[in-house]
Every structure is written in C-alpha cells, then in structure tokens.
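Protein chains get the first letters and strands the later ones, always in sequence-line order, with residue 1 at the start of each.
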2 protein chains.
Amino acid sequence: METLLPKLDSVFSTDCVIFGFQANELKILLIDRNEEPYKGWRALPGYIVGQDESIDDAAERILYELTGLRGLHMEQFHTFGDVDRHPQGRVITVAYYALIRIDGQQELKPVTNFARAAYWHPVKDLGKLPFDHQKIFETGFRKIRRRLSYQPIAFELLPEKFTLTQLQTLYEAILNRKLDKRNFRKKMLSYGFLKELDEKQKGVSYRAAKLYRFDRRKYNKIFQNDLSVEG
Amino acid sequence: METLLPKLDSVFSTDCVIFGFQANELKILLIDRNEEPYKGWRALPGYIVGQDESIDDAAERILYELTGLRGLHMEQFHTFGDVDRHPQGRVITVAYYALIRIDGQQELKPVTNFARAAYWHPVKDLGKLPFDHQKIFETGFRKIRRRLSYQPIAFELLPEKFTLTQLQTLYEAILNRKLDKRNFRKKMLSYGFLKELDEKQKGVSYRAAKLYRFDRRKYNKIFQNDLSVEG
DNA sequence: ACAAAAGTGTTGCACGTACACCCATGT
DNA sequence: ACATGGGTGTACGTGCAACACTTTTGT
C-alpha cells in the first residue's frame, strides 16, 4: 500500500493472554522465546503485526504460529505504548485475551522457530516476565475478573462435562476469594443454562458429584442483550 | 532511538472522543480538518504519535494542539487497526475518551494549523465523519454508557453548581432513556457525595430548584475501592 | 389563575448474603 | 467406621422499580 504519511520507525505487535483451567488451577499460555531480545525467557505469545493484516487477524495468526492454537475468540483489551517498553525500538503492542478449554488432545507446538516451546503455566508464580508482560498480564487478569462479575464467562474454560464444585473452584481462582457453596449453586442453577446429566464423576474416593453440561443455546438467549451493549 | 527491528511503514495515531454537556445536550468535541485527506471535514481530534512520547502523552499533546484544551484526564478505550481505515497508508489509532465540564471561559482554539476550528457538537446528528470515526465514537459512547451504570461519572460533565433535574437530564442523555424522578433523586442523594447549597436556581419562570455541589472528597472515599479494581 | 417544573413516600419484588447439617461413596 | 467432599433451605437486609399528588414561583 502506498503511503503519503511520514515514515516512522514504528512497529506494532500483539500480545496474547490466554487463560485456561487445568488441575484446578488457573493457567495462562506462555512460550519460551527463541530470539533476541530476551532469548530463552518465558513470555506471553506475541509478535509483530504485518503490513496488510488487521490487528485482530494478526493476533490470531501470531497465536497460531507461536503455539499451534487457532480459531479461538480473542478480545482486545488494552494497548501498551510506553516509549521504552521494548529495548530495541519503539514497539506499541495491542493486547488480547481469550478463555479456552484446555483439551488433552490439542497439541501445543510452535510452527515458527521464534518460539522454542509453548505450555500452560499457573498464574500464581509466573516469575519474571520480559518487557512489560507482567503489567499486560495483570491488566488482562483484572479485565477478566471484572467481566466475570457481570457475565458468566467461566464456562469457556471448563471441559464439556463438569461438576458444580469444579465451576466454583474456577470462579474462586479468578475472583481470588472463597464463595459460599449454597449461594453459588443456587445462583448458577437459576440461570437455567446448566443441563444436569445422567452421569456422575468417576474415580474419586468419595461421593461422586453430578456432571453438568453448559447449554450454549440457552446462554446466548439470556445474554445476547447484554452482549450487544458490550463494548 | 536505534532500532534493530524490521522497518515498516506504520504509523500510530490517537483519536479523542471528548464528551461535554451544554444546553441540556450531550456533545462531543470536533475539529474542522485543514489537511488532506478529508480536508474541510468535521472529525474527531486526532493526530500522529511522535517517536519519543508515550501514547498517553501523545493523546494529551494532540488534543491540546488541535483544540487548546489540556490537563484533562483521558482514558484509552480501544485501538482500531483495520488495514484500510486510512486512505493514505497503514495507520493504527488508539482511541481515548474524557468527560469534561464545558466552561464558558475556556477557549477552543487550535494551536497548530492542522485544524481550522474546534467546537462542541451534539452527539445527535453528527453527520458523516471521515475514516472510521463514526465507529470510534460509537464504541466510546458505549463504553461511557456502560461505565455510568456502575460508576457515577456524570459529575465531570456538569458545572460546579447544578440542580438534580440537570443531573437527571444528563443521565438520560447518556443512557438514552427516561428515568423516574423520585427514584433517581433518592439514589443520588443516598450516595452522600452531593452537597446541598443554600442557593437556588435563578432566572427561571417557575419554582426555582435547589443547587447542589459535587463533593469530590466524599466521592473518592466511596469509590476508591471500585476504581482500584477497574482496568 | 395559570403554567411549569420542584419536590416528596410507600410498597412489592428480586437478589445477595449469612449460616450448619445430613448424605453418599470409597477405602 | 471413617474420611471426604456432595448436596440442600431459610431468613434477613438491600436495592431497584412502579407509581401520583402537592408546592412554589413567575407571568
């Protein structure tokens, strides 16, 4: 595309904060960088946006190239543009988040060699992250938490069949506080989009819990109005 | 700043959606562009971010240069990055909003000649805006509306002394629906940050209403917790 | 006196919160 | 039998929504 605009040595990138839930723990997707700067560091998956792709498209492509995951619904949540956030020049990054179901099947495997590996890492104890990735993560986490308070988005993170206790544990992990079991169940069931299955948990050494499935159709019917107001 | 990054012909800009309230109408700040493309068009105040300034700083500087206003608290709300949003090249824009009090004193006067004029314009009937400014405005408006539902941010827009009816009219303008007078007053007064003055409205041909002042100290005490959770 | 807006209370409902015990299952 | 989590109901307080008439003031 031809440009009549002043040429600036500026670069856009996207960074992704992808949340998952595994072993009763909230996790995010990280990569091991294989390029300078910060070669060898754990970092958020992120890379430079191409000239002829929208930022949304770029976010999806980049996530795929670095982790092998694709087709997930990501949402932009903030843009970080401090002058010195990247040691090699001016890089403004648009941050996205997504909530996904961690699936034993799906393989995490970078398809470029910019990343050496991709894996789930508990949000507790992330350790030191490069650039301003710590801040990006925290901002994204805060947004998710706030959003959960007016929209039950947690189902995105759970396996197809789950128990109410698992759901509650997840809420507690995101909100970082204990919830009352009776109140929690009452509220979740009152929404009407949880379908009780004729099936129970297996392999536990105590009373097995009922399994539920999330009924996306009913959910959409209930929350379409709210979503349409959402920005 | 030296860069080792690939050079791309990419440009960042910021655009501002500044809300004000005047003559019982919700307005936003627009400029008349004095440069191509869209020379002569009404547009959101926006311009290109410099190499060595953060986006937040740039937003403040640019708003000042185009309108003469400065020192207001702007908040980033979304980044727009479609490939073809600017006819002359790839320009990604970070959008900000702010709510301010329209003050008879303050002069709206561009200090660069990129803008020919700056003025308040009703949000109803904005007419055709260049680029994707229509979409930027709508997104910002939606964010403000959502935010008003959990935080009484409307005071930023009112003069120092105001009546409860004015406050209600403003709420109705933002939310785009009628509110119940009794419920509205009860709720606003219950917050405790409205200070009743020993003064009444003047120059009206009907019963004069009491004037109130917004007590920012009490407001902060009440809402600091919510704000700290905010992203 | 009339027009125009100011000002004022009550009731019902929905929702959140606090709180404690018995049940089913595997070992 | 025991340990472990599964599962259940009530009572109270808060906040929101619905609703209509009297009061004050300027002309």
Calculate the interatomic distance between [X] atom [atom1] and [N] atom [atom2]; express it in whole Å.
X	N	atom1	atom2	result
A:Gln166	D:dG7	CD	P	11 Å
A:Gln168	D:dT8	CD	P	14 Å
A:Arg207	C:dC21	CZ	P	18 Å
A:Glu172	D:dG5	CD	C1'	14 Å
B:Leu164	C:dA6	CG	C1'	10 Å
B:Asn24	C:dA4	CG	C1'	15 Å
B:Phe162	C:dA6	CZ	P	14 Å
A:Lys187	D:dT8	NZ	P	19 Å

B:Thr163 vs B:Asp180, nearer the 5' end of DNA chain C by closest nucleotide: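 By nearest-heavy-atom nucleotide position, the 5'-most residue is B:Thr163.
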Single hit among A:Arg147, A:Arg101, A:Arg216 for salt bridge (charged side-chain N to carboxylate O under 4.0 Å, His left out) with A:Glu156: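 For A:Glu156, the salt bridge (charged side-chain N to carboxylate O under 4.0 Å, His left out) check succeeds only for A:Arg216.
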The single option from B:Asp215, B:Leu99, B:Leu194 passing side-chain contact (heavy atoms from CB on, under 4.5 Å) against B:Phe155: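 By the side-chain contact (heavy atoms from CB on, under 4.5 Å) criterion, B:Phe155 pairs with just one of B:Asp215, B:Leu99, B:Leu194: B:Leu194.
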Does the pair [X]/[Y] count as a salt bridge with the N-to-O cut at 4.0 Å?
X	Y	value
B:Arg85	B:Asp132	yes
B:Glu138	B:Arg145	no
B:Lys124	B:Glu25	no

Residue met sooner reading DNA chain D from 5', once A:Lys181 and A:Tyr206 are mapped to nucleotides: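 The residue whose closest nucleotide sits nearer the 5' end is A:Tyr206.
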A:Arg182 vs B:Asn183, nearer the 5' end of DNA chain D by closest nucleotide: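 Final value for this comparison: A:Arg182.
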Residue-phosphate contact under 4.0 Å: B:Arg185 side-chain N/O, C:dT8 OP1/OP2: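 Looking at the OP1 and OP2 atoms of C:dT8, neither is under 4.0 Å from any side-chain N or O of B:Arg185.
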Within 6.0 angstrom of A:Arg70 CZ, more than 12 heavy atoms from elsewhere: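 Counting neighbours around CZ of A:Arg70, 12 or fewer heavy atoms of other residues, nucleotides or ligands fall under 6.0 Å, so no.
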Sugar-phosphate only, base, or nothing, as touched by A:Lys210 at under 4.0 Å among non-hydrogen atoms: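 Since only primed, P, OP1 and OP2 atoms lie under 4.0 Å of A:Lys210, the category is sugar-phosphate.
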Sorted by number, the residues of residues 188-205 of chain A with heavy-atom contact under 4.0 Å to DNA chain C: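 A:Val204, A:Ser205, in order of number.
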Exercise: do B:Asp15 and B:Thr93 side chains pair donor with acceptor under 3.5 Å: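 A pair is found: one side chain offers a donor N or O, the other an acceptor, under 3.5 Å apart.
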